[in-house]
There are 2 protein chains.
Amino acid sequence: MPKTIYDIAKEAGVSIATVSRVFNSSNSVKESTREKILKIADDLGYHPQAYAQGLASKKKNSIMLLVPVMSNYFFTEILRGTQDVLADENIELTILNINQEKGVFRQVEQIIKRQWADGYLLVSLHLSQQELQKLKRYKVPISLLDDHSTHFDSVSFNNEQGGYTATKYLLNKGYKRIVFLSGSKEALPNKERYKGYKKALAEFKIKPDESLYITGDSMDRDGFTEKNGYEAMCKIISLDEPGEAIFCTSDIKAVGALKAMNDANVRIPLISYDDLSISEYIGLSTISQPMYKMGCQATRHLLNRIDNYDIIICDHIHNPELIIRNSSEI
Amino acid sequence: MPKTIYDIAKEAGVSIATVSRVFNSSNSVKESTREKILKIADDLGYHPQAYAQGLASKKKNSIMLLVPVMSNYFFTEILRGTQDVLADENIELTILNINQEKGVFRQVEQIIKRQWADGYLLVSLHLSQQELQKLKRYKVPISLLDDHSTHFDSVSFNNEQGGYTATKYLLNKGYKRIVFLSGSKEALPNKERYKGYKKALAEFKIKPDESLYITGDSMDRDGFTEKNGYEAMCKIISLDEPGEAIFCTSDIKAVGALKAMNDANVRIPLISYDDLSISEYIGLSTISQPMYKMGCQATRHLLNRIDNYDIIICDHIHNPELIIRNSSEI
DNA sequence: CTGAAAGCGCTTACAG
DNA sequence: CTGAAAGCGCTTACAG
């Protein structure tokens, strides 16, 4: 039922090769022929089928962005960067949501095997080095964002530094019992931020107190939810010795934590992590990361590698920045 | 370089037809042969190429979700619904971000022409009836979410009802000067909500006051940003007669509006729209819509139509629900 | 249970 | 500037 290149060629009285040339902007087509074909194609609602083009040309002219959750500002900013870099490139961008419950590696490998795109941008997927190594054999352009590896181009944050900066600030203000309000303990960024937290404590000769490592009970999305933050804060409040300040590993959790404080009518200084668009408006002191810029970078890495698979591997690590607003200043 | 069906067939000593059958779960393959082929495929990292399969079988086994912005909870919930419906279907789901600045219709039509998927779920795209009519000729399964049409299956909200309910509540509390804190005046949902707002006023014999129709100056994302809400609220506060209550057309804008109130140290009752996940935690009274459920519905419509293009068109309109929390209760 | 062969809708040297 | 033809990597009747 849908029109094919044959329909157009017949209608225009030319060969399919000529029609193909028109759509591949080869300049070796007579202007009048080109216009005629374009007109017919428009009338008939024709455009070359992506799948057939991909198969014949062995190029997909598309890249795929693989992400675990796309609920947040974090991802939106990255996407903005990617789209801006792609703007003059004539490359299509599709997004695939990876289900964290169903084996991240399996899903990623499957997509790559099926050759959906010319290259893949893996965002916040945190595969193990061993898994990344396995992906290497497909010899396909892959670029990592919010993840680090020697196998692929990567753009990542210095999470340890972020945890360190936030904690240090609190320590400098004189607080000693600082709570680490955590997400899932297994999540890599969480571990790294905890490292930074401990490093800062160490500088102040404070031993990390296990009972101050606290998370909520709701564990969907690795615990990065308002609900988890609320639950965690309730636990903190009911501690025998509640803690004098809080380093919270995400803004979304902080929203929950703030509510719990309000409900219980207590106020504990808090610094969180992400700098979502709402954070400015609810006065969160937080660690900010240059997400737009990183989206641009990671995308450029990918395009370069599609262009030439054998160029040297790039590895950018960005230092986050502490932004002080109300929540830390009591 | 990547392995093809020929490599596998040769290695296994069978024809490519047999290899193909294994991957299409045809049961007419000897168990031992199947296992052998699967083993070889796994060793060699082979899986049938999506594009070649699509071309040969004329089925993509994939659907595409077209959305304008995916920053919000709104979209995340819909996605959850879609994914849950797709869970046992063996259909891939890809997402395509539509750039509102670059001609929504043109982008959508292009995607459809190129035949990326077996069907398309259009979310919050608000094409005109005329444009939808044009898409009709491609005879391709399309399902609309947060949009209404007689041409395609659709699942939408009764925005007028939402605006009416919110405004009525405020009127019932005795407020007379009610501000309509708007997004872009051209946006369809905005218009519909405004209709409901006026309808409620009419019941109270109040003439809509033009000077109470207020929006901010930042107009990215159709004005649905914290910043726009903040700006609008500043205008409201500096009104000669400020208004006794506010109906705000989105929670994100309300976040900005609340901050502006705080900064100016005023408190005006406010009801907003969306019920994002944070809204509960910051005490927003708001209009809530069953997004997860609607994502499920729209996806089922689409699958049914892919199954049989000629079934009768479905049209669900959902009534939103008012949820009272702090922001409206001063 | 398996294979040979046609065909899906394109692109792209090659030749003119 | 244009066409004939091979080929991309699969699926799927058809035949056995």
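We name chains A, B, ... by the order of the sequence lines, and we start the count at 1 in each one.
- D/dG9 atom P lies 24 Å from atom NZ of B/Lys59, rounded to whole Å.
- A sub-4.0 Å separation between OP1 or OP2 of D/dT11 and a side-chain N or O of B/Tyr51 is absent.
- Note that A/Lys139 lies outside the cation-pi zone of A/Tyr309, set by a 6.0 Å cut-off to the ring centre and a 45° limit from the axis.
- Side-chain nitrogen and oxygen atoms of B/Ser57 include none within less than 4.0 Å of the OP1 or OP2 phosphate oxygen of C/dC8.
- In this structure, the nucleotide among D/dG3, C/dG3, C/dG9 sitting nearest to the side chain of A/Val14 is D/dG3.
- In this structure, A/Gln49 atom CD and D/dC10 atom P are separated by 17 Å, rounded to whole Å.
- A close approach under 4.0 Å does occur between a side-chain nitrogen or oxygen of B/Thr33 and OP1 or OP2 of C/dT2.
- Nearest-nucleotide positions on DNA chain C for B/Ser15 and A/Arg21 put B/Ser15 closer to the 5' end.
- Residues that satisfy the side chain to side chain donor-acceptor pair (under 3.5 Å) test with A/Asn61, not counting sequence neighbours, are absent from this structure.
- Side chain of A/Lys30, nearest nucleotide from C/dT12, D/dT2, C/dC8: D/dT2.
- When the P atom of D/dC8 is taken as reference, atom NZ of A/Lys60 falls 13 Å away, rounded to whole Å.
- One can place CD of B/Gln53 at 7 Å from C1' of D/dC10, the figure rounded to the nearest angstrom.
- The distance between atom CG of B/Asn24 and atom P of D/dA13, rounded to the nearest whole Å, is 11 Å.
- The distance between atom CD1 of B/Ile16 and atom C1' of C/dG3, rounded to the nearest whole Å, is 10 Å.
- Two residues, A/Glu31 and A/Tyr6, neighbour DNA chain D, and the one matched to the more 5' nucleotide by heavy-atom proximity is A/Glu31.
- The CD1 atom of A/Ile8 sits 18 Å away from the C1' atom of D/dG3 (whole-angstrom rounding).
- Cation-pi geometry between B/Lys136 and B/Phe152 is satisfied (NZ or CZ under 6.0 Å from the ring centre, within 45° of the ring normal).
- In this structure the side chain of A/Leu93 reaches within 4.5 angstrom of the side chain of A/Leu65, judged on heavy atoms.
- A/Lys3 contributes no side-chain N or O that, together with a main-chain N or O of A/Gly45, makes up a donor-acceptor pair within less than 3.5 Å.
- At least one side-chain nitrogen or oxygen of A/Lys58 sits closer than 4.0 Å to the OP1 or OP2 atom of D/dG9.
- Ranked by how close their nearest DNA chain C nucleotide is to the 5' end, A/Val19 and B/Ala56 are led by B/Ala56.
- For the pair A/Gln83 and B/Asn99, the minimum side-chain heavy-atom distance is 4.5 Å or more.
- Among the protein residues, B/Ser28 comes within range of the nucleic acid bases, having at least one heavy atom under 4.0 Å from a base atom.
- When the P atom of C/dC10 is taken as reference, atom NE2 of A/His47 falls 10 Å away, rounded to whole Å.
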If pairs are Watson-Crick or G-U with both distances under 3.5 Å, what is the dot-bracket string of DNA chain C, marking crossing pairs with [ ] and pairs to another strand with |? |||.||||||||.|||
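- As judged by a 4.0 angstrom heavy-atom cut-off over every strand, A/Phe23 is placed among residues making no nucleic acid contact.
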Checking B/Phe23 against B/Tyr46 for the ring pair (Phe, Tyr, Trp, His ring centres under 6.0 Å) test, could you report, in this order, the C-alpha distance in whole Å, the side-chain angles of both residues, the deciding distance, and whether it holds? CA-CA 11 Å; B/Phe23 281 98; B/Tyr46 171 81; 5.5 Å; yes
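- B/Ser20 comes within 4.0 angstrom of a nucleotide base, judged by non-hydrogen atoms across all strands.
- With a 4.5 Å cut-off on side-chain heavy atoms, A/Met64 and B/Thr94 count as touching.
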